[in-house]
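For reference, the structure discussed in these notes is given below.
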Amino acid sequence: QAKAAGRDAIRFFTSEMNEQVQDRLMLEQALRHALGNGELSVAYQPQVSATTGQVIAAEALLRWTHPELGAISPARFIPLAEDLGLIERIGEWVLRTACEQALAWKVEGRPLRVAVNVSARQFRSANLPERVAAILEETRLDPALLELELTESMLMGKVDQAEEMLRRLKGLGVTIALDDFGTGYSSFAYIQHFPIDTLKVDQTFVRAMLTGKSAVAIVSAIIAVAHSLGMRVIAEGVEMEAQRNQLVELGCDELQGYLLGRPVPGAGFFAVGESGAAP
Ligand code: C2E
Ligand code: MG
Ligand code: MG
Ligand code: MG
């Protein structure tokens, strides 16, 4: 009887695996056509000054809405796009779209910095600075209004190569942010060698601040050291008033999170919203 149960478990397991493989294949196929079919869009989430509450920037976040499958999370399809070698083209499209949006806001008299996520594979391609330069030229956006978000893991490994890439990007006049800070294995001793303008404290710390004194101590230390190294600090995932108050008290420069505003389409960014997305 145990044997029969085992067989059933195996059959169940394999059919489930099969389903997963098929899901992935289907998603791959769909993703290959997503850009061409106009299924991709960019949402913008406000980054506000912790002291004045003013919206000073917006992070561009990629969205994929499949006609049948509905909204698919970037956490799911971006790694897939990397594997399939689609991320360069998609990443460039996001960059161009975000720069065009930032220019449109500027023309409307609301000059906002726009932050764009760069994937590991994009960061490794030697011609990234030329691609960024071309898009800045094409859209005529002031480079100072563009921030590129990288993660710690991209700076690990080939240090000289990463440093050279950052210098070339910085040479264009854009700023660099380190995303999800605190979740990787880097340290201040390590990142101080890189020309980083902005440090984004990961959501996990902001969440833990509500319940743990140690998380508050960690965030406080991150802010203090970042400031002493001349970096600006943004806290991610701010959802509650209590978090905002604590972060303001700790001297955090900017806040981002559902409390300040959810990611919304560019056209609706300055529309009056209930969650405070509108300045
Ligand atoms: P990220 O760059 O760290 O972006 C922040 C994520 O946190 C976004 O998820 C955002 O919607 C979410 N978020 C913002 N405020 C809150 C909050 O208060 N609470 C909670 N629980 N979440 C909040 P999203 O849009 O699903 O993106 C996930 C990740 O996908 C991003 O993390 C980024 O790593 C990646 N990603 C998104 N767009 C792009 C892109 O255009 N290119 C690349 N390479 N990666 C992207
Ligand atoms: Mg980001
Ligand atoms: Mg992040
Ligand atoms: Mg993240």
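Fair warning: this is a prediction, and the values are worked out from it, not measured in the lab. When a ligand or atom number is given, it counts from 1 through the structure's own listing order.
- For the residue pair Q161 and R124, no side-chain donor N or O sits within less than 3.5 Å of a side-chain acceptor on the partner.
- Residue E59 places a heavy atom less than 4.0 Å from ligand 1.
- Judged purely by distance below 3.5 Å, without hydrogens or angles, the side chains of E147 and T198 pair a donor atom with an acceptor atom.
- Within D179, the N, O or S atom lying nearest to the Mg ion (ligand 3) carries the name OD1.
- For D202, every N, O or S atom stays at 2.8 Å or more from the Mg ion (ligand 3).
- In the model, Q45 has no side-chain atom that pairs as donor or acceptor with a side-chain atom of E59 under 3.5 Å.
- Nearest N/O/S atom of D180 with respect to the Mg ion (ligand 3) is recorded as OD1.
- Side-chain N/O atoms of E82 and S119 include a donor and acceptor closer than 3.5 Å.
- Here E236 meets the criterion, with an N, O or S atom under 2.8 Å of the Mg ion (ligand 3).
- Within the 4.0 Å heavy-atom cutoff, P263 counts among the residues contacting ligand 1.
- Proximity of G237 to ligand 1 is established by a heavy-atom distance of less than 4.0 Å.
- Both the backbone and the side chain of L62 come within 4.0 Å of ligand 1, counting heavy atoms alone.
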